[in-house]
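In this text the structure is predicted, and so the values were computed from the model without any measurement. Here, residue 1 is the first one in the sequence, and each next residue gets the next number.
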Amino acid sequence: MPSTPQSVTVIGLGPMGQAMAAAYLDRGYRVTLWNRTPSRADALVERGATLAETPEQAISANELVILSLIDYDAMYGVLDQAKDAVAGRVFVNLSSDTPEKARAGARWVTGLGGIHLTGGVLSPPPLIGTPETSTFYSGPREAYDTHRAALEVITGKSDYRGEDPGLAALMYQLNMVIFWPAMIAYWQAVAVAAAHGITAAEIAPYAAENFAGMGHFIDFYAPRIDAGNHAGDVDRTSMGLASMEHVVHTAADAGVDTAFPEAVRDIFRRVMDAGHGADSFSRAVEVMRKG
């Protein structure tokens, strides 16, 4: 006899939720959906997914419920409509929020008799369902182990960080601390390039090479930082400040907004003002730790 298809509910059909639901359909899962705007489910329903009329119906349909919402407040808004259906369900909350919000949300779901796994997806929607992508998870180990195969439909790899539901959210936010400013830095470069008639496509390979080379610096500085070594033997804060002044002036001369490079420059100035001009610019870690 053929095996019974595995099943999952996906709540929230923004670009990420749609990509996740599509990945499950690709793998032969029975997929139940709910979204505030039902029309977002049309293409998935055409492929065989079932659109529930209410959150309660969607949650009741399956043991495993994937939440792909903008934040944890949105989770409360949805699950408040379906409190009687929460008990016995495993909620994998892939919504972005703070570690403390994740912990509070997990307590709330647990109080209703459900199980909460926090997740942090390190993939854009177009790469969902591919083997090289990864997601952080934290929460009850038994629930993670039970549903790991289903979770690895979303991203090919999963990184379990422990029982504390806030840890996956923390690891995700640490990655966002790096990702968003890095991309804004690229947009800044594109804007300055455009002011000189140079296209984004023209500088793209140089930007990609720059980003790829960051791994060398991270590997070099990480053990030194952990050892409290900020010696100015390979770089100096004063040198970095001078360089960032040049970046700010280059943008200003091109008529481009300078808010982002000025913010970076001001961190160098704070390190200088703290008396560390001759130290490595990694000393900024200590300055930022002190707020």
Side-chain angles (χ1 to χ4, degrees), residues 12-23 26 37 40 43 68-71 94-97 119-136 154-157 171-222 234-235 237 239-271 280-282 284-285 288:
L13 295 176
M16 186 67 81
Q18 290 195 34
M20 292 174 183
D26 290 343
T37 305
R40 289 187 179 177
S68 180
L69 304 166
I70 191 168
D71 56 25
L94 303 177
S95 312
S96 174
D97 221 315
V121 182
L122 301 180
S123 169
L127 295 181
I128 289 296
T130 58
E132 66 272 15
T133 53
S134 182
T135 300
F136 293 117
I154 297 172
T155 58
K157 295 179 286 187
M171 294 301 293
Y172 174 79
Q173 294 303 337
L174 292 178
N175 276 268
M176 293 306 99
V177 166
I178 298 167
F179 176 76
W180 294 118
M183 292 307 299
I184 293 295
Y186 173 56
W187 305 151
Q188 179 82 29
V190 168
V192 174
H196 294 277
I198 301 173
T199 66
E202 189 173 348
I203 70 167
Y206 303 101
E209 186 176 354
N210 195 325
F211 284 138
M214 287 298 174
H216 164 77
F217 293 99
I218 292 169
D219 290 343
F220 175 78
Y221 284 108
V234 295
D235 70 88
T237 297
M239 179 178 66
L241 175 59
S243 179
M244 281 309 303
E245 290 284 10
H246 302 155
V247 172
V248 171
H249 293 153
T250 298
D253 291 346
V256 173
D257 185 274
T258 60
F260 182 76
E262 284 178 348
V264 178
R265 177 201 61 191
D266 290 347
I267 292 175
F268 279 94
R269 282 185 174 171
R270 287 169 56 197
V271 179
S280 167
F281 77 132
S282 63
V285 171
M288 286 187 283

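Inspection of the Asp71 and Ser95 side chains reveals no N or O donor paired with an N or O acceptor under 3.5 Å. Side chains of Gln188 and Thr258: no donor on one and acceptor on the other come within 3.5 Å.
Counting heavy atoms from C-beta on, the side chains of Phe268 and Val271 never come closer than 4.5 Å. Inter-residue side-chain proximity for Thr135 and Leu122 is flagged as unmet; no heavy-atom pair is nearer than 4.5 Å. In this structure, Ser96 and Gln173 have side chains that are in contact, with non-hydrogen atoms separated by less than 4.5 Å. Using a 4.5 Å heavy-atom threshold, the side chains of Leu94 and Ile154 count as touching.
Among residues two or more places apart in sequence or in another chain, the salt bridge (Lys or Arg N to Asp or Glu O under 4.0 Å) test is passed with Glu245 by Arg265, Arg269. For the salt bridge (Lys or Arg N to Asp or Glu O under 4.0 Å) test, residues two or more places apart in sequence or in another chain that qualify with Asp26 are Arg47. Residues satisfying the ring pair (Phe, Tyr, Trp, His ring centres under 6.0 Å) test with Tyr221, not counting sequence neighbours, are Phe281.
Of all the heavy atoms in Ala23 and Ile128, the pair that sits closest is CB-CG2, 4.2 Å. Nearest heavy-atom pair across Leu127 and Thr133 is O-CG2, 3.5 Å. Taking both residues in full, the closest heavy atoms of Ala284 and Ile267 are given as CB-CG2, 4.1 Å, listed atom of the first, atom of the second, then distance. Of all heavy-atom pairs spanning Pro15 and Pro125, the tightest one is O-CB, 3.7 Å. Across all non-hydrogen atoms, the minimal contact from Arg40 to Gly14 is NH1-CA, 4.0 Å. Of all heavy-atom pairs between Phe211 and Ala182, the closest is CZ-O, 3.5 Å.
Rounded to the nearest 0.5 Å, atoms OG1 (Thr237) and CE (Met244) are 13.0 Å apart. For the atom pair CE of Met16 and CG of Leu69, the computed distance is 12.5 Å after rounding to the nearest 0.5 Å. Taking CE of Met183 as the start and CD1 of Ile178 as the end, the distance is 14.0 Å to the nearest 0.5 Å. Here Lys157 contributes atom NZ and Glu132 contributes atom CD; the two are 7.5 Å apart, rounded to the nearest 0.5 Å.
Atom CD1 of Ile198 has more than 12 neighbouring heavy atoms from other residues, nucleotides or ligands inside a 6.0 Å radius. Annotation: Glu209, atom CD; neighbour count of heavy atoms from other residues, nucleotides and ligands within 6.0 Å does not exceed 12. The number of heavy atoms from other shown groups lying within 6.0 Å of OH (Tyr206) does not exceed 12. In Phe217, the CZ atom is not crowded: 12 or fewer heavy atoms of neighbouring residues, nucleotides or ligands sit closer than 6.0 Å.
Looking only at distances, a side-chain donor or acceptor of Thr250 sits under 3.5 Å from a matching main-chain atom of His246.
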